[in-house]
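Here's the structure, in C-alpha cells; my notes come after.
Index from 1, following the sequence.
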Amino acid sequence: MAVPFPDIPWLQGFDKPCRFEGEVRNLIVHGEVPKQLDGTFFRVMPDPHISPSYHENGIHYIPFDGDGNVSAFRVKDGHVDFRQQYVKTERLVKEREARQSLWGRYQNPYTSHPCVRAAIESTANTNVVYYHGNLLALKEYTLPYSLDPVTLETRGYWDFDGQISSRSFTAHPKVDPKTQELVCWGTQAKGPGTTDCCYFALGPDGKKTEECWFQNPFCGFLHDAGVSEDYVALMLVPMRVDIEKMKKGGLHYYYDHDLDLHWGLVPRRGSDATKVRWFTWKNSFPTHTANAYQEVGPDGEVEKVFVETVLAQGNVLPFFPEENRKDNSPTISNIKIQLVRFCFDLKAEVPTDGTYQRLSDPEVLLDLPCEFPRIDDRFTGQKQRFIFCATAHVTGEPNSLSLVGSAGLNSYTMVDLSLGKVEHCLFRPNSLVQEPCFAPRSKDASEGDGFLIGLVNRLDTMLTEMVVIDTKNFSKPVAVVEVGLRLRQGLHGNWVEASEME
C-alpha cells in the first residue's frame, strides 16, 4: 500500500504532487494563440512519485527535491498539445521497483538506504535544455539525463560521449548565439564537499571546445552564472557544505551569515587556472542571472564585465539552516529582493595581500520583489534592452500570497532598460506565476518583439493555465490555455523553435 504524503507545506495544497504522465491533445484556448509561434515550451518540476518516507530520523523534504517530471507544450498553427513524462532516473526506477522511498535527506547520500548509496542520486528536476538532438534534464550535482525531445522518453544518463570528466553539470548552461556553443560548468566537480570546479564548453556539433579546472574559495552553492563573449561570471553563494555534518544526518547546505558573496570570473578560452579572477561583495544571495556583457577598451582588451541578476539581501531559502546569524539579519518575511547590475572592473588593481577584489554596490534596475529573470536569448552575452521576470506585485486587492511554491510571485514584468520603463501583466487574486520564457515573433524580429510564455497557478480552481503575452501589448495575455491539471511549482524551462529541433 502506498504511504500518504506528509502534511507539510511543500507537499500539500497546490504543491501536492501531481504524478501525472500522459498526453492531452488540443488544449482549450481562450483568446488566440499567435500563429507565429511554432515550437515547444519545455519545463520541469520536482514532483515526488512516492512519499519521501525513508529517513532514520523521520520524513524530510524540501521544495528542490522530488523526481523530475517534464512538461512539453507543443504549439503550432494556433493549437497547443500537452505531454508530460517522468525522467526515468536511476533513483526513480529503483524506488518504483521497491514501491517505497529509498533516499533520505536532500543531497545527503549518508542518510539514504544502504542499497542505493552507490546509485546516481540525480532527480533531473531543475531545468530542461535542448542541445544537439537531445533534451537534457538537469540536476546540477550530476551529469544530465538525455530525453527524446518529441516523446520525452528517457534515453539515459549522458556524459556527452565520454567527453565530460566533471562529475557534475550546471542546471543553467548558456547558449552563445554567435558561436552556438553550450557554455557549462560543474561545481563540487570531483564529488560532494570538494572545492573543484570545471568550466567547459561544447560546440554545435557536440564536440567539447574548452575545459578549465580550478579551485573555488570554499565549497558552496554555485547555481547560476552570467556569460559574456569572453568570460563566465560564476556566483558562489555563501551557503557552505559540511561533510561531517552530513555524515551525522545533517543537510547538504548551511547559509553562513559571516561569509561574503564570491564571484569567479573565468576566461572562456584556455585552460590556465591562474587566470580565474575572484571578486567579493557583502553577504547576500544572488538567485538567477538575466544576462552578462562586456566593455572593450581602445586596445581591444576587455575592461569591464557586467552581470544582471536578482539579488536578495539574506537567505531566501529558509528550509536550509543558518549559521552565525545576527540580530539584525533579515528574515524571509522582510528580506530585500531586487534586480541589479554588478560591474567587474578588470583594469582595477588586484590585491596582493591574498584577499579578493571588492565589488562596488550594484546598480538597481528594478526595486520590486522578483525572480526568474529572462531575456531574448538571441542576445545572450551582449548588452540587451529588455528583461522579463516574475514579480510580487501587490495592488491592494485581496491576494493569497504564499511562501510556498512561487513565493508570492503574482505578475509578469517587462523592464525596458533603455527607456527606464516598466510594464506589468497582473493576474487575478489567488494566482501565482511560474518562470516565464521568451519566444521571438520571427527569426529576424527586433529584440524583445515577441511573446512571453509562462504558467499561472490558479489557487481558487486548483488548476494551471498557460498564458501567452504579446510584448507589444504587455498588460493582458492574448491567449489563456487550459491545462486541465494542477502543475505544481516548476523550476526552469525553455522555448525551443520547431526549426531548431528539425
- request: Kindly indicate whether the side chain of Lys472, heavy atoms from C-beta on, has any atom under 4.5 Å from the side chain of Arg441.
  value: yes
query: Passes salt bridge (charged side-chain N to carboxylate O under 4.0 Å, His left out), Arg268 versus Glu181? Steps please.
result: CA-CA 11 Å; Arg268 285 183 53 186; Glu181 287 174 294; 3.2 Å; yes
message: Closer than 4.0 angstrom, basic N to acidic O: yes or no for Arg43 and Glu435?
response: no
message: Using a strict threshold of under 4.0 Å (side-chain N to carboxylate O), is an ion pair present between Asp196 and Arg167?
response: no
- prompt: Salt bridge between Asp260 and Arg358, side-chain N to carboxylate O under 4.0 Å?
  reply: yes
query: Could you walk me through whether Lys174 and Asp377 pass the salt bridge (charged side-chain N to carboxylate O under 4.0 Å, His left out) check?
result: CA-CA 9 Å; Lys174 315 292 183 184; Asp377 291 331; over 6 Å; no
- prompt: About how many Å separate OG of Ser168 and CG of Leu138, when rounded to the nearest 0.5 Å?
  reply: 11.5 Å
- prompt: Between Asn315 and Leu317, is there a donor-acceptor pair closer than 3.5 Å when you use the side chain of the first and the backbone of the second?
  reply: yes
- prompt: Considering residues at least two apart in sequence or located in another chain, which fulfil the ring pair (Phe, Tyr, Trp, His ring centres under 6.0 Å) criterion with His424?
  reply: His393
query: Heavy-atom count around Lys347 NZ within 6.0 Å, excluding the residue itself: above 12?
result: yes
field: Side-chain heavy-atom pair Val310, Pro286 within 4.5 angstrom cut-off
entry: no
field: Distance flag, aromatic centroids of Tyr293 and Phe306, threshold under 6.0 Å
entry: yes
- prompt: Does Val302 offer a backbone N or O that forms a donor-acceptor pair with the side chain of Asp230 under 3.5 Å?
  reply: no
Salt bridge flag under 4.0 Å for residues Glu295 and Lys383: no
- prompt: Between OG of Ser418 and CD of Glu447, what distance do you get to the nearest 0.5 Å?
  reply: 8.5 Å
- request: Flag the pair Ile387 / Leu339 as yes when at least one side-chain heavy-atom distance between them is below 4.5 Å, and no otherwise.
  value: yes
- prompt: Ion pair present between Glu210 and Arg269, side-chain N to carboxylate O less than 4.0 angstrom?
  reply: yes
query: Between Asp416 and Arg385, is there a salt bridge with N-O shorter than 4.0 Å?
result: yes
message: If you define the side chain from C-beta out and look only at heavy atoms, does anything of Pro17 sit under 4.5 Å from Pro48?
response: yes
- request: Quick one: sort the Trp278 and Tyr356 rings into parallel, tilted or perpendicular, breaks at 30° and 60°.
  value: tilted
task: Can you measure from CZ (Arg341) to CG (Leu365) and round to the nearest 0.5 angstrom?
output: 5.0 Å
- prompt: Between Ser166 and Ile164, is there a donor-acceptor pair closer than 3.5 Å when you use the side chain of the first and the backbone of the second?
  reply: no
field: Sub-6.0 Å ring centroid separation between Phe438 and Trp495
entry: no
message: Between Asp256 and Asn324, is there a side-chain donor-acceptor contact under 3.5 Å, judged purely by atom types and distance?
response: yes
- prompt: Do Leu487 and Met466 come within less than 4.5 Å of each other through their side chains, counting heavy atoms only?
  reply: no
task: Indicate yes or no for a side-chain donor-acceptor contact from Asp176 to the backbone of Thr179 under 3.5 Å, with no hydrogens or angles considered.
output: yes
message: We want to know whether Thr391 and Ser411 form a side-chain donor-acceptor pair, criterion being a heavy-atom distance below 3.5 angstrom.
response: yes
query: Which of these, Tyr254, Tyr61, Phe64, sits in a ring pair (Phe, Tyr, Trp, His ring centres under 6.0 Å) with Phe319?
result: Phe64
field: Donor-acceptor contact below 3.5 Å, side chain Arg488 vs main chain Pro46
entry: yes
query: Do the ring planes of Phe320 and Tyr253 sit parallel (below 30°), tilted (30 to 60°) or perpendicular (above 60°)?
result: perpendicular
- request: Check for a donor-acceptor pair, side chain of Thr289 on one end and backbone N or O of Glu308 on the other, with a separation under 3.5 Å.
  value: no
- prompt: Are any of the side-chain heavy atoms of Leu222 and His262 separated by less than 4.5 Å?
  reply: no
- prompt: For Asp47, does its backbone N or O pair with a side-chain atom of Asn69 as donor and acceptor, under 3.5 Å?
  reply: no
message: Do Phe427 and Arg458 make a side-chain contact, defined as non-hydrogen atoms from C-beta onward lying under 4.5 Å apart?
response: yes
task: Assign the ring pair Phe344 / Phe342 to parallel, tilted or perpendicular, where the plane angle (0 to 90°) is split at 30° and 60°.
output: tilted
task: Using a strict cut-off of less than 4.0 Å between a Lys/Arg side-chain nitrogen and an Asp/Glu carboxylate oxygen, indicate whether Asp444 and Arg378 qualify as a salt bridge.
output: no
Phe160 vs His132, ring-ring contact (aromatic ring centres under 6.0 Å, His included): CA-CA, chis, key distance, verdict: CA-CA 10 Å; Phe160 297 84; His132 195 55; 9.5 Å; no
message: I'd like to know if the side chain of Thr471 and the backbone of Gly450 have a donor-acceptor N/O pair within less than 3.5 Å.
response: yes
task: Using a cut-off of 6.0 Å, state whether more than 12 heavy atoms not belonging to Lys326 lie near its atom NZ.
output: yes
- prompt: Heavy atoms, side chains only, cut-off 4.5 Å: are Ser431 and Glu465 in contact?
  reply: no
- request: Kindly say whether the aromatic ring centers of Tyr145 and Trp158 come within a distance under 6.0 Å.
  value: no
message: Within this structure, what is the CD-CZ distance for the pair Gln313 and Phe285, rounded to the nearest 0.5 Å?
response: 13.0 Å
message: Centre-to-centre under 6.0 Å for Phe169 and Phe200, is that the case here?
response: yes
Aromatic ring proximity, centroids under 6.0 angstrom, Phe73 and Phe42: no
- prompt: So, Arg486 side chain and Lys16 main chain: donor-acceptor pair closer than 3.5 Å or not?
  reply: yes
field: Partner set under salt bridge (Lys or Arg N to Asp or Glu O under 4.0 Å) for Glu497, not counting sequence neighbours
entry: none
Flag if over 12 foreign heavy atoms under 6.0 Å of NZ, Lys304: no
message: Between Tyr141 and His252 (judged by ring centroids, cut-off 6.0 Å), do the two rings come close enough to count as a pair?
response: yes
